Amino acid sequence: MTRLLVRDLGQLATPAGTEAPLRGEALDEMEVIEDAYLLCEHGRIAATGRMRDLGRLDGDVEEVDGHGLSAIPGLVDCHTHACFAGDRVEEFALRAGGATYEELHAAGGGILSTVRATRAAPEQELSTATSRHRDWMLRSGTTTFEAKSGYGLDRDTELAQLRAIAAAGGLPTWLGAHAVPPEFPTADAYLDFALAEVLPDAAQLAGAADVFVENGAFDVGQARRYLSACRDAGLALRLHGDQFTEQGAIQLAIELGARSVDHLEATGSEGVHALAGSDVAAVLLPASALFLGRPMPPARSLVDAGAAVALATDFNPGSSFCESLPVVCSLAATQLKLSPAESLAACTVNAAHVLGLAGRKGRLAPGYDADVVLVDATDWRYLAYHLGHDHVAAVVLGGRLAELR
Ligand code: NIG
Ligand code: FE
């Protein structure tokens, strides 16, 4: 069956227009059709409109009853660390007792404890884990996801991670500069190895490169060296920046023409205005700030100043064990003071832009990929309003109903 019709929807909601990324007031402009239908054909959206304007459809059409539901674009998670082995539940309990993320990291725990578990896992186990995490994401409405390596930090495990992510249907990013592994005396010595021995193969498997710019990870000079080499190898650039302290990640992102700088919990007004005047997207991760009990990023200032703001989960075992973009949208409304419309645009159109997929993903409009979430409410804003609810009645992926596990 190549055609699928979703009929009698309470609402169909999509970011308006065709532009990407959306900035300023345009981020808040949603097109909402009441009593709507949506027609998919050959994996793309063929038409949307009011039920009363739906003409006769000849030939084979699979029908889905949309009564009581609303349709939104499939959600796009543009920042995850979904490929890992093991967990950090012990560390979580220690943090609940007062230990900080930075203390655990400095003591050889944190990221490095997941590195140990991931190095010990065969590639098949990494694939199975990543697919399981993808299924969790899909259950929450994520139809497109990016995932980073960065828990191998040796050649074989980094490449195995990138392959496991692709095998699970994700878009791989090489986070070759996530932490300095213990077998290297300095960050520079590790980068010598990573750029000479891993980058040539990583560049064949990944679409982007990422670096963690922070005290105890990589400084701006090291990040510049890593990212410049990755850019020369054809990769798009991303940065983890201003998570705990401002180190100059925003200025470096602008200098190098990066796609995005992500986190920004510590960003001040200078950084906000620099980003707003640039083509670098600001990817905000409020579930991570919540999970670590950190300040929220300056989302309202970024949107109002005109920055290209996207939202993502940062799903990972240490700083954000949360795969749900609906939860992120709830946090965006309650903590970041973004409207439900701004939140939806930030994790659809703008997230697709960060992944280089604007024009294909993130809208319910003719020609876009037929990735659709059917929300279990006739007002689509329940996605953000109903905190922690299981919102997803069904998902259409590439024009077909997906099996939710
Ligand atoms: O985005 N801050 C750096 N990296 C991840 C956390 C990874 C981990 O704790 O395992 C982040 O929060
Ligand atoms: Fe991250």
Side-chain angles (χ1 to χ4, degrees), residues 77-92 94-95 99-119 129-130 133 145-153 157 161 165 170-181 187 208-219 223 226 237-247 249 253 258-267 281-297 310-323 325 328 351 354-355:
D77 200 337
C78 66
H79 182 140
T80 84
H81 305 252
C83 179
F84 58 87
D87 63 36
R88 304 249 283 278
V89 65
E90 288 301 336
E91 185 181 291
F92 178 73
L94 290 173
R95 285 202 299 106
T100 69
Y101 183 78
E102 297 96 310
E103 283 163 7
L104 293 162
H105 181 76
I111 293 170
L112 290 176
S113 86
T114 301
V115 169
R116 287 189 288 276
T118 304
R119 284 180 174 181
T130 311
H133 301 151
F145 73 101
E146 177 261 19
K148 302 169 197 301
S149 63
Y151 290 131
L153 308 177
T157 317
Q161 278 200 281
I165 292 161
L171 294 154
T173 294
W174 183 45
L175 180 50
H178 195 194
V180 181
D210 200 340
V211 54
F212 183 21
V213 182
E214 190 55 72
N215 287 326
F218 297 89
D219 67 25
Y226 170 79
L237 307 183
R238 314 273 308 263
L239 293 86
H240 282 67
D242 294 3
Q243 183 178 10
F244 304 118
T245 54
E246 288 186 288
Q247 300 276 331
R259 282 259 178 81
S260 72
V261 53
D262 306 33
H263 271 291
L264 304 174
E265 289 94 313
T267 301
V283 177
L284 308 183
L285 311 165
S288 171
L290 180 80
F291 204 77
L292 295 184
R294 308 286 305 185
M296 288 288 160
L311 286 167
T313 61
D314 196 22
F315 172 64
N316 75 76
S319 71
S320 182
F321 199 44
C322 170
E323 71 284 1
L325 281 169
V328 167
V354 169
L355 299 180

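As the structure is a computational prediction, the values presented were derived from the model and not from experiment. Numbers for residues simply follow the sequence, beginning at 1. Ligands are counted one by one from 1 in listed order, and the atoms in each one are counted from 1 as well.
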Q247 versus N215, side-chain donor and acceptor atoms under 3.5 Å: yes
T173 side chain reached by L171 side chain, heavy atoms, under 4.5 Å: no
Donor-acceptor side-chain pairing of H240 and H79 below 3.5 angstrom: yes
H81 and H178 aromatic ring geometry - parallel, tilted or perpendicular at 30°/60° bounds: parallel
Any side-chain donor near an acceptor of the partner, E246 and T267, under 3.5 Å: no
Listed protein N/O/S atoms, distance to the Fe ion (ligand 2) under 2.8 Å: H79 NE2, H81 NE2, H240 NE2, D314 OD1
Min side-chain heavy-atom separation T157-T118 under 4.5 Å: yes
Side-chain heavy-atom pair V354, R238 within 4.5 angstrom cut-off: yes
F321 side chain reached by R88 side chain, heavy atoms, under 4.5 Å: no
Parallel, tilted or perpendicular, as decided by the 30° and 60° cut-offs, for the rings of H133 and F315: perpendicular
Which atom pairs, nitrogen or oxygen on both sides, join ligand 1 and the protein at under 3.5 angstrom?
residue  : atom   : partner : partner atom : Å
ligand 1 : 1 (O)  : H81     : NE2          : 3.3
ligand 1 : 1 (O)  : H240    : NE2          : 3.0
ligand 1 : 1 (O)  : H263    : NE2          : 2.9
ligand 1 : 1 (O)  : D314    : OD1          : 2.9
ligand 1 : 1 (O)  : D314    : OD2          : 3.0
ligand 1 : 2 (N)  : Q243    : OE1          : 2.7
ligand 1 : 4 (N)  : H178    : NE2          : 2.8
ligand 1 : 9 (O)  : R88     : NH2          : 2.8
ligand 1 : 9 (O)  : Y101    : OH           : 2.4
ligand 1 : 10 (O) : R88     : NH1          : 2.9
ligand 1 : 10 (O) : R88     : NH2          : 3.3
ligand 1 : 10 (O) : Y151    : OH           : 2.6
ligand 1 : 12 (O) : H263    : NE2          : 3.4
ligand 1 : 12 (O) : D314    : OD2          : 2.9
ligand 1 : 12 (O) : S319    : OG           : 2.6

